[in-house]
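Heads up: the structure comes next, in structure tokens.
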Amino acid sequence: QVQLVESGGGSVQAGGSLRLSCAASGFIFSGYCMGWFRQAPGKQREGVAGIDYVGSTVYADSVRDRFTISRDNYKNTLYLQMNSLTPQDTAMYSCAAAACTWGWLTSAWRAVPSYDYWGQGTQVTVSA
């Protein structure tokens with residue numbers, strides 16, 4: 001069956017870094033667009049970054065120049081390198097897989113309903 005399993009979360013001080021991983025199985029990972037989302041307590045889930053099947057990327061304004069999304073299609077793994085973390089980055093981070101569509105990176109990457117598969121999430125906590 002389809003599985004997306006995140007890892008790499010934890011607690012870090014402001015200014016620190018973390019690298020999240022998302023191991024995929026049960027579907028053809030290389031053919032899917034992938035995204036990272038986060039949800040803080042009391043807030044809506046928001047798209048953090050997206051990557052299409054050829055490796056083109058898109059970022060939310062709040063994380064651009066600090067976070068890097070990447071994928072290894074041989075290892076069926078998605079990554080999110082997070083640098084210069086701030087307390088505002090504290091949230092549950094989840095990866096998700098979507099069927100790639102024309103213009104997906106333009107707007108669809110942010111849309112939760114566009115994703116077919118979701119992981120359970122990994123907690124990131126940044127202290128001041």
Side-chain angles (χ1 to χ4, degrees):
Q1 74 276 22
V2 172
Q3 279 194 312
L4 292 171
V5 180
E6 301 92 339
S7 62
S11 296
V12 64
Q13 288 191 328
S17 298
L18 285 172
R19 188 193 195 201
L20 305 184
S21 298
C22 169
S25 61
F27 66 103
I28 303 175
F29 176 77
S30 61
Y32 274 73
C33 289
M34 300 295 296
W36 282 102
F37 284 75
R38 67 185 181 186
Q39 187 167 20
K43 294 189 176 181
Q44 286 191 334
R45 184 178 294 182
E46 65 169 343
V48 173
I51 185 168
D52 69 9
Y53 67 99
V54 297
S56 297
T57 59
V58 62
Y59 298 92
D61 290 344
S62 59
V63 306
R64 190 175 292 115
D65 299 329
R66 299 189 299 121
F67 290 10
T68 302
I69 187 173
S70 61
R71 64 191 300 161
D72 185 333
N73 288 338
Y74 293 102
K75 295 183 177 179
N76 288 348
T77 303
L78 178 73
Y79 302 100
L80 185 68
Q81 177 67 44
M82 305 186 296
N83 299 328
S84 302
L85 285 161
T86 73
Q88 288 70 40
D89 295 316
T90 295
M92 179 71 74
Y93 284 72
S94 301
C95 63
C100 294
T101 56
W102 182 259
W104 184 82
L105 287 173
T106 301
S107 61
W109 76 275
R110 294 179 179 270
V112 170
S114 75
Y115 289 83
D116 300 311
Y117 310 123
W118 289 85
Q120 292 298 309
T122 185
Q123 178 66 37
V124 171
T125 302
V126 184
S127 58

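The model shown is predicted, which means the values in this text are computed figures rather than measured ones.
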**Request:** Scan for disulfide (SG to SG under 2.5 Å) pairs involving residues 17-71, sequence neighbours excluded, and state none if there are none.
**Result:**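 Output for this query lists Cys22-Cys95, Cys33-Cys100.
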**Message:** With disulfide (SG to SG under 2.5 Å) as the rule and sequence neighbours excluded, what pairs involving residues 34-89 come up?
**Reply:**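 Matches after skipping sequence neighbours: none remain.
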Quick one: [atom1] on [X] to [atom2] on [Y], what's the gap to the nearest 0.5 Å?
X      : Y     : atom1 : atom2 : answer
Gln39  : Gln44 : CD    : CD    : 8.5 Å
Gln81  : Leu18 : CD    : CG    : 8.5 Å
Glu6   : Ser21 : CD    : OG    : 10.0 Å
Ser17  : Phe67 : OG    : CZ    : 9.5 Å
Arg71  : Tyr53 : CZ    : OH    : 10.5 Å
Thr125 : Met92 : OG1   : CE    : 8.5 Å

**Prompt:** Residues in side-chain contact (heavy atoms from CB on, under 4.5 Å) with Ser56, at least two apart?
**Reply:**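 Asp52, Val54, Leu105.
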**Prompt:** Within a strict 4.5 Å, meaning less than it, do heavy atoms of the Arg38 and Glu46 side chains meet?
**Reply:**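 A side-chain contact under 4.5 Å exists here.
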**Message:** Within the 4.5 Å heavy-atom criterion, are Met82 and Asp89 side-chain neighbours or not?
**Reply:**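 Counting from C-beta outward, Met82 and Asp89 never come under 4.5 Å.
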Least distance between heavy atoms, [X] atom then [Y] atom:
X      : Y      : answer
Ala14  : Ala128 : CB-CA, 4.3 Å
Leu80  : Trp36  : CB-NE1, 3.4 Å
Leu4   : Ala24  : CD2-CB, 3.6 Å
Ala99  : Trp104 : O-CD1, 4.3 Å
Ala91  : Ala40  : CB-N, 3.8 Å
Ser127 : Pro87  : C-CG, 4.3 Å

Would [X] end up clustered with [Y] when hydrophobic side chains under 4.5 Å apart are linked, directly or stepwise?
X     : Y      : value
Phe37 : Leu20  : no
Leu78 : Val48  : yes
Met34 : Val124 : yes
Tyr93 : Tyr59  : yes

**Message:** Can you list everything that forms a side chain to side chain donor-acceptor pair (under 3.5 Å) with Asp65? Sequence neighbours excluded, please.
**Reply:**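 With sequence neighbours excluded, Asp65 shows a side chain to side chain donor-acceptor pair (under 3.5 Å) to no residue whatsoever.
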**Asked** Does Gln88 have any side chain to side chain donor-acceptor pair (under 3.5 Å) partners at least two apart in sequence or in another chain, and if so, which?
**Response**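 By the side chain to side chain donor-acceptor pair (under 3.5 Å) rule, Gln88 matches Thr86.
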**Asked** Take atom CD in Gln120; do more than 12 heavy atoms of anything else shown fall under 6.0 Å from it?
**Response**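 Not more than 12 within 6.0 Å, no.
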Determine whether a donor-acceptor pair (N or O, by modelled atom type, separation under 3.5 Å) exists between the side chain of [X] and the backbone of [Y].
X      : Y      : result
Arg110 : Gly47  : no
Tyr115 : Trp109 : yes
Thr90  : Val126 : yes

**Message:** Among residues at least two apart in sequence or on other chains, which ones pass ring pair (Phe, Tyr, Trp, His ring centres under 6.0 Å) with Tyr32?
**Reply:**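 For Tyr32, the residues satisfying ring pair (Phe, Tyr, Trp, His ring centres under 6.0 Å) (neighbours in sequence not counted) are Phe27, Tyr117.
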